[in-house]
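Below is one structure, written out as structure tokens, with a few remarks after it.
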Amino acid sequence: MLDFGVVLKNLGFLLVQGFLGLGAFGGGTLALAVPAIALGFLLGIFIGLARLARSPLVRLPAAAYVELFRGVPLVMVIFWMWFVIPQLLRLPIPEYGVALTAFVIFEAAYFGEIVRAGIQSVPRGQVEAAASIGLTRAQAMLWVVLPQALRNMVPSLVTQMIVLFKDTSLASIIGYVDLTKAAQIVNNREIRPFELYLFIALVYWACAYSMSRFARRFEPRPQGA
Amino acid sequence: METRLADGQPPGTSGPRGTVIEFKAVNKWFGCLHVLCDIGLAVQAGEVVVVCGPSGSGKSTLIRCVNGLEPIQSGELHVLGECISRAGADMPLLRSRVGMVFQSFNLFPHMTVLENIMLGPIKVKKASRGEAESAARGLLERVQIPDKASAYPANLSGGQQQRVAIARALAMQPGIMLFDEPTSALDPEMINEVLDVMTDLARDGMTMMVVTHEMGFAKRVADRVVFMDGGQVIEEAPPGAFFAAAQSDRAREFLSKILTH
């Protein structure tokens, strides 16, 4: 028999500790996802711009970065950060630092590709028109190309942000207490896996769905000629 | 036709007098395709030069070289007293003094008409918003669409968009205006509203290089017609002489094709 009483009884721990990260364990899904999305996107903008740079000294390392991190599993990047980096640096890194660094580094590769594609989606004539009134390359990028590119990027960006948001559940494997880990902790005591994991699935789904609804208002509308 | 000169400053005086564009033995290749062969051509201040020729003859490439949108591989190109073909030429500065109008308008779709026109003066000339806006409104009067200031490009007709593009270029008070097939993407009923604006500009003394198939415009407005084919300047002559008695076979063949339908 299903008994969702177990969810109600542990609601505070699951949501306040696991989801928000306000509790004795630190952690928290939102506390990880929000800065990871913001920093990953920021780094991604620079990587996307670097991939389009004229100088191969800038372009090739950016391309290598994208190909490297797109080609390895996220779990492996988290393990690197968790086991290898502390040994190399000879200092321990807390779970939060490990998880955030891993996500930012990994996701920036994907965001970088989205930014690059978005910039390339802006017609060449726009760059020429901007140049022809005397704007420098940087000014043309800032005032003409990026505003149009960002709008074109919205659907792929939101998809990637949702993916990242859900992937934060992987941080539980190094002991970071996010929503998934909180459910595991409760389940170890209560042995109610069906109810607990169904509940956190609903929480993830509700967040992802709200993100996708919220993003729809920023999507480009088809422009009539 | 009443004068459309909105601002008091006489146009065409911002550049130096005398020769303002000079091609000296200019060559350009796209890969192994020789698109400009040994071009020699000079344009005087205040002159209106129409460049015509069959498609693929290099005429668009020719005027795109003038503001450095296309680099040249050999020869010298002087524009408004600067040698722009040397390494390290300040291209943004040059382009702010040379206006360009494109076949496909290339207005910035995320900005209103007014913002399109004000962008260059504000970002490049560091004009204040107030100055830029009053100048932009003056230019919209001049191209006869003052009521479209706050519209977005997507809500304008092709002819209106091209007139905004002309106003955007004029906002930088250029010494030279380049037109790259400005009416080729327009529906026939909108061609004249754009040609009228260009005619007024020519009458006001603007130096213009115009790539176009509008031979009526060339006859009425041009001081000189340059005929190109295969990347070479085949012939240059005043419009009267060119249309009445072109010297080269290729020019006569071209004219017979475009004037007989």
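Chain letters run A, B, ... following the sequence lines, proteins first, then strands; residues in each count from 1.
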Contact part of L107(B) toward chain A, heavy-atom cut-off under 4.5 Å: side chain, backbone, both or neither? backbone

Considering only heavy atoms, which portion of V101(B) lies under 4.5 Å from any heavy atom of chain A: side chain, backbone, both, or neither? neither

Neighbour count above 12 (heavy atom, 6.0 Å) for F46(A) CZ: no

Starting at CG of N116(B), measure out to CD1 of I133(A) and round the result to the nearest 0.5 Å. 8.0 Å

Mind checking the CG-NZ spacing from L142(A) to K123(B)? Nearest 0.5 Å is all I need. 7.5 Å

For the student: nearest non-hydrogen atoms of H110(B) and V144(A), plus distance: CE1-O, 3.6 Å

From CG (L135(A)) to CZ (R95(B)), nearest 0.5 Å: 10.5 Å

Is it the case that atom NZ in K166(A) sees more than 12 heavy atoms from other parts of the structure closer than 6.0 Å? no

Does N67(B) use its side chain to pair, donor to acceptor, with the backbone of S132(A) at less than 3.5 Å? no

Determine, step by step, whether M100(B) and E128(A) satisfy the side-chain contact (heavy atoms from CB on, under 4.5 Å) criterion, reporting the C-alpha distance in whole Å, the side-chain angles of both residues, the deciding distance to 0.1 Å, and the verdict. CA-CA 9 Å; M100(B) 177 127 190; E128(A) 292 186 349; over 6 Å; no

For atom CZ of R86(B), is the number of surrounding heavy atoms from other residues, nucleotides or ligands below 6.0 Å larger than 12? yes

Minimum heavy-atom separation for A129(A) and N106(B), please, with both atom names. CB-O, 3.4 Å

Contacting region of F102(B) [heavy-atom separation from chain A under 4.5 Å]: side chain

Testing the basics here: between W143(A) and M111(B), what is the closest heavy-atom pair and its distance to 0.1 Å? O-CE, 3.4 Å

Please round to the nearest 0.5 Å and tell me the distance separating atom CZ of R137(A) and atom CE of M91(B). 13.5 Å

Given heavy-atom pairs under 4.5 angstrom as the criterion, report whether the side chain, backbone, both or neither of R64(B) touches chain A. side chain

